[in-house]
Amino acid sequence: MENLRVLFSEEEINARIDEMAEQINRDYEGKTIKIIGILKGGVYFMCALSKRIKVPVMIDFMCVSSYGNSTHDQGFIELKKDLEDDIRYEDVLVVEDIIDTGKTLTYLMEELRTRKPASLKLCTLLDKPDRRVPEADVKVDYVGFTIPDKFVVGYGLDYAQKYRNLPYIGVVEFE
Ligand code: IMP
Ligand code: MG
């Protein structure tokens, strides 16, 4: 069994999301944001964030899966669910739970860029920059918390599909 140690409490997460939303409200004044939530992990954060956004918001979802085990493997990313609508000329904000090696988001942002949105930005609740692989080329516009190389769960993040529903973020400590 694994133990969990609280890294960010629900209160800390809420306070940080308040700040992020304030920044986004300023940056997107006068615009409509198309938020793209990345299934499944990004959804909890996306809901919390979007409820605090004051400019008009539309939402859509994508789901990607990465295969290939170790961090130095090339890995293979599959688009499992695509957007329902076109994003051409829209101001797109991708909302994700965590950026780790950066492979998933490198693939995703490149794919979305080919669809010619008016603007394309990336917002993540957590960032683990120490884990980034050299071939990943991902610019993160909004980061909730920068964390060390630890495995975390909660607030959308899972361990073997469990713990996504925790209202806080915990570090998994394996016995
Ligand atoms: P990347 O392509 O390596 O950046 O992988 C991103 C995906 O790996 C995330 O969307 C998560 O699903 C998963 N992931 C990376 N680190 C963690 C973690 O600490 N806890 C849970 N899932 C993680
Ligand atoms: Mg994910």
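Just so you know, ligand 1 is whichever comes first in the structure, and atom 1 is the first atom listed for that ligand.
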Distance under 4.0 Å to a non-hydrogen atom of [X]: what atoms of ligand 1 satisfy this?
X	result
Thr104	1 (P), 2 (O), 5 (O), 6 (C)
Asp97	10 (O)
Asp158	21 (C)
Lys150	19 (O)
Lys128	16 (N), 17 (C), 18 (C), 19 (O)
Glu96	10 (O)

* If we only count N/O pairs under 3.5 Å, is Gly102 in contact with ligand 1? -> yes
* Asked: Mind checking whether Val152 has an N or O less than 3.5 Å away from an N or O of ligand 1?
  -> yes
* To do: Looking only at non-hydrogen atoms, find the nearest pair between Pro117 and Leu112 and report the distance.
  => CD-O, 3.4 Å
For [X] and ligand 1, answer yes if some heavy atom of the residue is under 4.0 Å from a ligand atom, otherwise no.
X	result
Leu157	yes
Arg131	no
Val153	no

N-O pairing of [X] and [Y] below 4.0 Å:
X	Y	answer
Asp137	Arg132	no
Glu110	Arg113	no
Arg115	Asp82	yes

* Asked: Can the ring centroids of Phe145 and Phe8 be said to lie less than 6.0 angstrom from one another?
  -> yes
* To do: Taking Gln23 for its side chain and Met20 for its backbone only, find out whether a donor-acceptor pair lies under 3.5 Å.
  => no
Please tabulate, for side-chain N and O atoms in residues 42-57, each donor-acceptor pair with protein atoms closer than 3.5 Å (sequence neighbours left out).
unit_1: Ser50; atom_1: OG; unit_2: Met46; atom_2: O; d: 2.9
unit_1: Ser50; atom_1: OG; unit_2: Cys47; atom_2: O; d: 3.2
unit_1: Arg52; atom_1: NE; unit_2: Asp18; atom_2: OD1; d: 2.6
unit_1: Arg52; atom_1: NH1; unit_2: Ala48; atom_2: O; d: 2.9
unit_1: Arg52; atom_1: NH2; unit_2: Asn14; atom_2: OD1; d: 3.2

* Pairwise side-chain hydrogen bond (donor to acceptor under 3.5 Å, both in side chains) hits with a residue in residues 143-159, at least two apart -> Asp158-Arg164
